[in-house]
Amino acid sequence: MTTAGIDMGARNIKVVILKDNKILSKGIALSGFDQKASAEKAFNETLTKAGLSHDDIKRIVATGAGKDVAPYANSEISMMGADALGGAYLFPSARTVIDVGAEEGRAVKCDDKGKMIDFVINERCAAGAGTFVEAMSRALEVKLEEMGPLSLKAEKAVPMNAQCTIFAESEVVSLIHAKTPKADISKAIHDAIADRIASMTRRLGIQRDVILVGGVAKNVGFIESLKGALGVDLLVPDDPEFVGAIGAALAPAK
Amino acid sequence: MEQRLFEKFHEWYENRHEYAKGWKERTGGKALGYFCTYAPEEIIYAAGVLPVRILGSHEAQSFTEPHIFAMFCPLCRDCLAQGLQGRYDYLNGIMIAQCCLHMRQAFTSWQKHIPQEYSYYLYMPHGIQTPRAYPYLRGELEDFKKSLEEWTGREITNKDLDHAIEVYNENRRLMKQVYSFRREKTPRLTGLEAMEMVVSSQMVDKEEHNQALKKLLKELPNRKLNRSTGTRLMVLGSEDDDVEFLSMVESLDATFVIEDHCTGSRYFWNEVIPQEDRLAAIAARYIDRPACPSKDWPKRTRLPHILKLAKDYDVEGAILIQQKFCDPHELDIPAIRSHLETNGIPTYFLEFDVTVPVGQFKTRVEAFLETFQLPTDLF
Amino acid sequence: MAENKYETKPLDCWNEAKQLRKDYYENFARARKNGGIRWAGGAWSFSAVPAGLGDDVYSLTGEPYGATVAFNKEFAEECHEAAEAKGYARDLCAYMRNYWGSILLDKFAWGGEWPKPDFLWTTHICCSHAKWYQVASELEGNVPFFCVDVSVGPYNERSERKLNYMVSQMMDGIEWMEKVTGREYDDEKLIQAVYNECRATSLWAEICTLNKTIPTPLDEKTMYSLYVLGTLMKHRKECADFYEKLRDEVKDRVANKIAAVGNERFRVMTDTQPPWAFLELWRYLQKYGVVSIGSLYTFGLIGIFEVKEDGTWGPRTTPQEQGIEIETREEALKTLAEWTLSRPEWQHFYSPELKSEMMKRIVKEWQVDGVMLHYNRGCEGLTIGIAENKLALKEAGIPVMHFEGNMGDEREFDLERTKAEVDAFLEILGAR
């Protein structure tokens, strides 16, 4: 059976096509202002890549913040439910799936079948993890993709308050004024977000294996910081931003 | 040379846990952690138990989120985080004298999740302005005393209480004497030093603290601080033992000459006035002390008290600080600001978190201080 | 979408509840014109006490008023901005800011100017209570203000001393009221008001208990419009009489299997005040056959319960049912103090565990499938300990979620985000 998952994320739209639970193709597009149009484009490109036509797809399941406007979808699943399914598909040992994206951090507890048992979403003050790193990379005049590697070069852990991102931002400015090395600031930023995500995950209880997914999981600096904050090892899949879409494609019919 | 006068207090403040562990080893006694300065320490001390105030460590942490919803103040979360990380594992028990909702959560979560042999919730009244509170608290103190006796297996005699009252009153008198040196034109101590002196008194054996104070008082009259006093500031609001903030401000040609904090004058300002019924005397002391905002109603007794402090200590300006989400202080700050400003004392407001953005606060405080330095007859 | 299984129909006495509420606010606004007295205070104030000043004494309770403002998003925002402009922080109690904002704007939510009360009479258990009216008094030009401290600990630790502390303050309060109003106090009216209050609050508990049935005869959204009468005038005869009528009607619904929601498949309970401007969330649940049977909040804010012989929760037996005759002012006040200390929503102020136990009891006896906790940024008093409640419910194996919001400040509620969380929870329950 061939199914598709569309993850309508805040920053990017991700599409995955599965045949008999094997990934055929993946596609990604910026969400932009017209999410629906972007999703149509991403979906059709992914179809083409798989060499399939729309009629070949038995079921299309939407997830993500914009799932209500997803095109073609005939079913939907919550982001947390999709994380659990996608996470367990990639790592059958996964019991906790942490998803950190542009606007939101989530953690899901699941069983060995990828069924969600419990979940938690970050509090509003801690929103915007991915977007925050992006804004801070501009403040430091560092390319976004260099933030992670830079942070690994830090020599010192600079404590930063992580209560809310707005407040944290002003602390970064203070650190810049105090001539703190860029590497240390970069680590401080990742530590701060990691602390928030770790706090949130502790509300669930940390059950191993823990896997990290979502766009921010591509940032090695953040991965290191989160490992430190949680005190456990993390499994990170390739293409971690596609896990939600994979989970959607695996979702049962309703 | 001049720094060393306060070195002992600084050491105690920095090494509070080592001190308490050492005290226990030395004396074989028990240590009881308390969560708010309404705790009737005299009774604890009379039981031969060391009262230790539980405070935070000003570090970002990720342990308390499962226990306390994030809209409660950073201090209560910071305190609980200390317990969850085992930093107070030497405590034999904990107690709280009923205070704000925020701190109560640190206490109840601690009670539930951190093993201890003893815990006690003292129903300290909020209605401290009604005369009915005196007999009521006296009775509640009696229950607390009995409970301590059961726990320690030792009777608390009148003699024990008298001794504790005397030690505590002496501590209050001595610290007030030290504070008088802040009233001078050139204060002989900084606000940071005063804070460390007061907060250390909340953690160490008061008799030992008294010895250190007496030594200090011998030398203090001759001390000359090698710094400019600058603008004479008052700081007031929520709990504040933020070393980084205090030293930042005092590096900007300004000195904190007085404060109204539970980590400062509010803690020790009044004494127990002895009477035959010792518990009644102790109850009266805690009811009559400078109020925490959560108990300061229907009248606002804090306004005249704070203004008097400002006048006595010749304050030029006041910084009001508040722990983020601290409702009791949020409910008082507008009234205090307006009262001080009507009486010619400019104010500046800052919101604190577990750590503070020092750089940003520096810019603001500098601007506030400039307003005192600009010539007023320019135009 | 879940299909209808049960018969359903609106409540016959619905309009009467609406009318009582409308009259309450209008009577307050008009009281002075007719030579009457008006006082304001919290919904938990000892409202039976001012009743001794006469039959023409009307009250305005602050929390229901704050909720009334919250329904009107534009007015609520105006109120919040007015309070913030005065220097009051935006994370303070949202009802309180709605209330102060109304004074500052000189606008009454029910139309016209702010009806300034003759005196303020309240109780203090939450840190904001006395401070609320301290500030209100200042904003209204020093309206006389009296507050009874009731923070004496949970019911299971009650003692003569604690009761005396409360009673003696109320005795002082009566003398103060006489001075402030120049009226002579009538103990007989106080005694009647105490009887009324015990009857009304026990009846409300009985009504809540009827929700143990499947299908539930009342859903929480409907209950919000009914329990409110207890928050306005729990001491008045018309409140107790109405609850009696309502009790009979709900009993009738139970007997005839009339459901609140025809498609009931899953039963949930919530916690704390809802985000008033977003009750559509409760409708959203109903689309999936999920009905909220109530909460410790809707039950125990006003309702007074006791553990019955079979170990389950039921309405507390009133003094009159026990044949107790109250004869003096002091007896009346003591009865009232003792009765009130057993209020379920007063227990958690001292220990989250007491609340967790009550919540687990409701889950069991009311046959609840899952719990949805509102982490309410607008009320620190009812949110205290809520994270520990969540842990305790989880530990007991009960499915539980929380959503963040604010009962009275819509700027802090994100409906779409909340729906996303609810969707995931419904998936866990199997309702989606």
Side-chain angles (χ1 to χ4, degrees), chain B residues 64-73 98-102 104-105 107-109 111-113 121-133 135-140 142-143 292-300 322 324-335 337-338 349 351, chain C residues 86-93 96 120 124-135 137-138 144-154 157 159-162 164-169 171-172 349-353 375-378 380-381 383-388 390-392 402 404:
Chain B
T64 53
E65 196 142 324
H67 306 285
I68 301 181
F69 176 30
M71 70 173 270
F72 290 92
C73 84
Q98 177 161 273
C99 56
C100 65
L101 300 178
H102 301 252
R104 289 194 230 167
Q105 285 186 102
F107 174 77
T108 52
S109 286
Q111 240 180 346
K112 178 149 191 209
H113 299 284
Y121 190 128
L122 172 72
Y123 297 103
M124 173 75 205
H126 280 305
I128 53 172
Q129 291 179 22
T130 161
R132 308 296 185 175
Y136 169 63
L137 179 59
R138 194 224 163 271
E140 294 296 307
E142 182 146 18
D143 288 353
C292 164
S294 64
K295 299 184 193 292
D296 199 31
W297 51 266
K299 288 199 201 90
R300 288 193 185 274
Q322 172 224 310
K324 204 176 164 79
F325 306 123
C326 171
D327 302 59
H329 280 280
E330 285 173 348
L331 285 157
D332 271 13
I333 280 171
R337 288 189 81 168
S338 122
F349 170 74
E351 189 179 75
Chain C
K86 267 278 181 191
Y88 289 100
R90 65 183 279 168
D91 56 283
L92 285 170
C93 165
M96 184 167 78
L120 305 173
H124 187 83
I125 190 167
C126 158
C127 286
S128 298
H129 282 155
K131 303 298 268 190
W132 174 328
Y133 290 96
Q134 180 179 51
V135 173
S137 162
E138 288 164 358
F145 163 43
F146 195 101
C147 178
V148 179
D149 177 20
V150 298
S151 62
V152 298
E157 290 183 45
S159 66
E160 274 301 297
R161 180 196 307 135
K162 289 165 194 272
N164 283 341
Y165 176 53
M166 289 164 67
V167 169
S168 57
Q169 290 178 75
M171 297 284 275
D172 295 344
F349 282 100
Y350 312 102
S351 151
E353 299 210 49
Y375 278 26
N376 180 356
R377 288 187 169 266
E380 61 161 1
T383 322
I384 176 178
I386 198 164
E388 289 291 352
K390 185 173 183 190
L391 287 178
H402 77 261
E404 224 179 294

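Proteins come first, then strands; the chains are lettered A, B, ... in the order of their sequence lines, and each starts at number 1.
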Chain B contact via [X] - side chain, backbone, both or neither, heavy atoms under 4.5 Å:
| X | value |
| --- | --- |
| C:Lys86 | backbone |
| C:Phe146 | neither |
| C:Leu391 | side chain |
| C:Ile125 | backbone |
| C:Tyr350 | both |

Next on the checklist: At a 4.5 Å cut-off on heavy atoms, which part of B:Phe72 comes close to chain C: side chain, backbone, both, or neither?
Outcome noted: side chain
Could you check which of [options] has the highest count of heavy-atom pairs closer than 4.5 Å to chain C?
| options | answer |
| --- | --- |
| B:Glu140, B:Gln111, B:Gln98, B:Arg337 | B:Glu140 |
| B:Ala335, B:Pro135, B:Pro328, B:Ala133 | B:Ala133 |
| B:Glu65, B:His113, B:Lys295 | B:His113 |
| B:Gln322, B:His126, B:Lys299 | B:His126 |
| B:Gly127, B:Pro334, B:Ser338 | B:Pro334 |

Next on the checklist: Testing the basics here: between C:Gly385 and B:Gln105, what is the closest heavy-atom pair and its distance to 0.1 Å?
Outcome noted: N-OE1, 2.7 Å
Checklist entry - Do C:Glu157 and B:Tyr121 get their side chains close enough for a donor-acceptor pair, meaning under 3.5 Å? => result no
Item to check | Value rounded to 0.5 Å, distance of CE in B:Met71 from CZ in C:Arg377 | outcome: 7.0 Å
Item to check | Interatomic distance, C:Glu380 atom CD to B:Cys326 atom SG [nearest 0.5 angstrom] | outcome: 8.5 Å
Checklist entry - Under 3.5 Å, side chain of C:Lys131 to main-chain N/O of B:Asp296, donor-acceptor pair present? => result yes
Checklist entry - What residues form a side chain to side chain donor-acceptor pair (under 3.5 Å) with C:Asp149, not counting sequence neighbours? => result C:Ser151, C:Tyr165
Checklist entry - Does any non-hydrogen side-chain atom of C:Cys127 lie less than 4.5 Å from one of B:Ser294? => result yes
